[in-house]
Amino acid sequence: RSSDLRLLKCLSDADPARVHCMSKSYIDGRGWYFEFDRVSMFVTTFAPCYSSSHSRYSFNAPGAYVLFQPEYSFAAHRIEPDTPETNWECPMTSRDKIRVAYKKNGREYFIRDSIYYPMVHDIVKPLGMKDEPVEWWKAGTAKIIKMA
């Protein structure tokens, strides 16, 4: 969505480390990630446009919100590396338990068959699990989600 682009672009432009990740030519490539002051971030958005069965459901929050989670927090909390496999019957890892809990609560989220994909595709999710990625980082794109 255009406001997500503006928010991330403003932060990128103000980056004290001058990495300016939102100005990179490879934003939709596998090697890109959002970075601020040399800290890589896992960025997710939640909004009213997502139904209660969507993993990005905002639980009736009055507007959209963006969550910035430093990648190092995964290691600090001993979260295992990402994997496309899930042990649905007997979840052992933190990731398995999270995925099972989301599914159990009617908010299953899309798990790719590979961990190698453009990170930008996970910042703003499409409305449908099988829909094409939302190209929110491209100014003027026709695929931007209209958030209420």
Side-chain angles (χ1 to χ4, degrees), residues 1-16 19-37 39-77 79-86 88 91 93-148:
R1 141 154 217 244
S2 60
S3 60
D4 295 325
L5 174 60
R6 285 192 307 267
L7 170 66
L8 295 179
K9 180 77 169 111
C10 285
L11 288 171
S12 171
D13 290 350
D15 183 1
V19 173
H20 308 297
C21 66
M22 292 302 298
S23 297
K24 303 296 182 190
S25 62
Y26 56 93
I27 289 175
D28 57 349
R30 285 192 345 208
W32 181 88
Y33 52 90
F34 187 82
E35 179 177 358
F36 186 80
D37 202 15
V39 176
S40 60
M41 303 277 184
F42 178 69
V43 182
T44 54
T45 54
F46 301 84
C49 65
Y50 296 113
S51 72
S52 62
S53 62
H54 199 286
S55 63
R56 298 297 177 84
Y57 177 57
S58 63
F59 293 88
N60 300 317
Y65 58 97
V66 180
L67 173 69
F68 293 87
Q69 184 173 5
E71 289 283 347
Y72 64 76
S73 69
F74 291 93
H77 293 284
I79 304 294
E80 303 79 8
D82 198 4
T83 175
E85 291 85 32
T86 302
W88 297 104
T93 68
S94 298
R95 287 187 189 275
D96 284 353
K97 291 173 184 173
I98 290 166
R99 291 171 177 174
V100 168
Y102 265 74
K103 185 174 182 176
K104 178 182 169 192
N105 287 286
R107 289 187 190 87
E108 183 175 9
Y109 59 91
F110 181 66
I111 303 167
R112 291 176 179 79
D113 57 4
S114 170
I115 60 169
Y116 304 106
Y117 59 88
M119 286 283 266
V120 73
H121 291 177
D122 280 350
I123 294 176
V124 175
K125 290 282 198 175
L127 295 176
M129 196 181 305
K130 305 280 186 188
D131 292 349
E132 291 294 315
V134 177
E135 295 178 335
W136 61 270
W137 63 94
K138 294 181 179 179
T141 183
K143 290 187 169 188
I144 290 176
I145 292 177
K146 301 282 188 232
M147 296 193 184

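Numbering of residues begins at 1 and proceeds along the displayed sequence.
- Considering only heavy atoms from C-beta on, Cys21 stays 4.5 Å or farther from Asp15 through its side chain.
- You'll find the side chain of Phe74 reaches within 4.5 Å of the side chain of Phe42, heavy atoms only.
- Residue Leu127 holds its CG atom at 6.0 Å from NE2 of His54, rounded to the nearest 0.5 Å.
- Looking only at distances, no side-chain donor or acceptor of Thr86 sits under 3.5 Å from a matching main-chain atom of Trp88.
- Nearest heavy-atom pair, Ala64 versus Pro48, reported as atom, atom and distance to 0.1 Å: N-CD, 3.9 Å.
- Here the side chains of Val134 and Lys125 are not in contact, with every heavy-atom distance at 4.5 Å or above.
- Counting all heavy atoms, side chain and backbone alike, Val43 lies closest to Val66 at CG1-CG1, 3.6 Å.
- The backbone N or O of Val39 sits nowhere less than 3.5 Å from a side-chain atom of Glu71 that would complete a donor-acceptor pair.
- His77 NE2 to Tyr72 OH: the interatomic distance, rounded to the nearest 0.5 Å, is 9.0 Å.
- Put simply, the side chain of Asp13 never gets that close to the backbone of Cys10: no donor and acceptor are under 3.5 Å apart.
- Using a 4.5 Å heavy-atom threshold, the side chains of Pro126 and Glu132 count as separate.
- With sequence neighbours excluded, no residue forms a side chain to side chain donor-acceptor pair (under 3.5 Å) with Asp37.
- No hydrogens or angles considered: a donor-acceptor pair under 3.5 Å links the side chains of Lys9 and Ser23.
- The closest side-chain heavy-atom distance from Arg6 to Leu11 is not below 4.5 Å.
- Counting only distance, with no hydrogens or angles, the side chain of Arg95 and the backbone of Ile79 share no donor-acceptor pair below 3.5 Å.
- Ser51 pairs by the side chain to side chain donor-acceptor pair (under 3.5 Å) definition with Ser53, not counting sequence neighbours.
- Under the 4.5 Å side-chain criterion, counting only non-hydrogen atoms from C-beta, Pro16 is in contact with Phe36.
- The closest side-chain heavy-atom distance from Met41 to Pro70 is below 4.5 Å.
- Residues Trp32 and His121 keep their aromatic ring centres 6.0 Å or farther apart.
- Taken from CG in Leu7 to CE in Met22, the straight-line distance is 9.5 Å, to the nearest 0.5 Å.
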Query raised in the report: Checking side chain to side chain contact (heavy atoms under 4.5 Å, CB included) for the pair Asp82/Arg112: CA distance, chi angles, key distance, verdict?
Result: CA-CA 11 Å; Asp82 198 4; Arg112 291 176 179 79; over 6 Å; no

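- Summarising the geometry of Ile115 relative to Pro84, their closest heavy-atom pair is CG2-CD, 3.7 Å, with the distance given to 0.1 Å.
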Query raised in the report: So Thr45 and Tyr65, side chain to side chain contact (heavy atoms under 4.5 Å, CB included) or not? Walk me through it.
Result: CA-CA 6 Å; Thr45 54; Tyr65 58 97; over 6 Å; no

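- For the pair Lys24 (side chain) and Val19 (backbone), a donor-acceptor distance under 3.5 Å is present.
- Ser114 and Tyr116 get closest at one heavy-atom pair: OG-N, 3.0 Å.
- Both tests do not hold together for Arg56 against Tyr50: distance to the six-membered ring centre under 6.0 Å, angle to the ring axis within 45°.
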Donor-acceptor pairs are to be reported for all side-chain atoms of residues 102-110 against protein atoms at under 3.5 Å, with residues two or more places apart or in another chain.
from   : atom 1 : to     : atom 2 : distance (Å)
Asn105 : ND2    : Ala101 : O      : 2.8
Arg107 : NE     : Ser52  : O      : 2.8
Arg107 : NH2    : Ser52  : O      : 3.4

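- Here CD1 of Ile111 is found 9.5 Å from OG1 of Thr83. Values are rounded to the nearest 0.5 Å.
- Using a 4.5 Å cut-off on side-chain heavy atoms (C-beta onward), Leu8 and Trp136 make contact.
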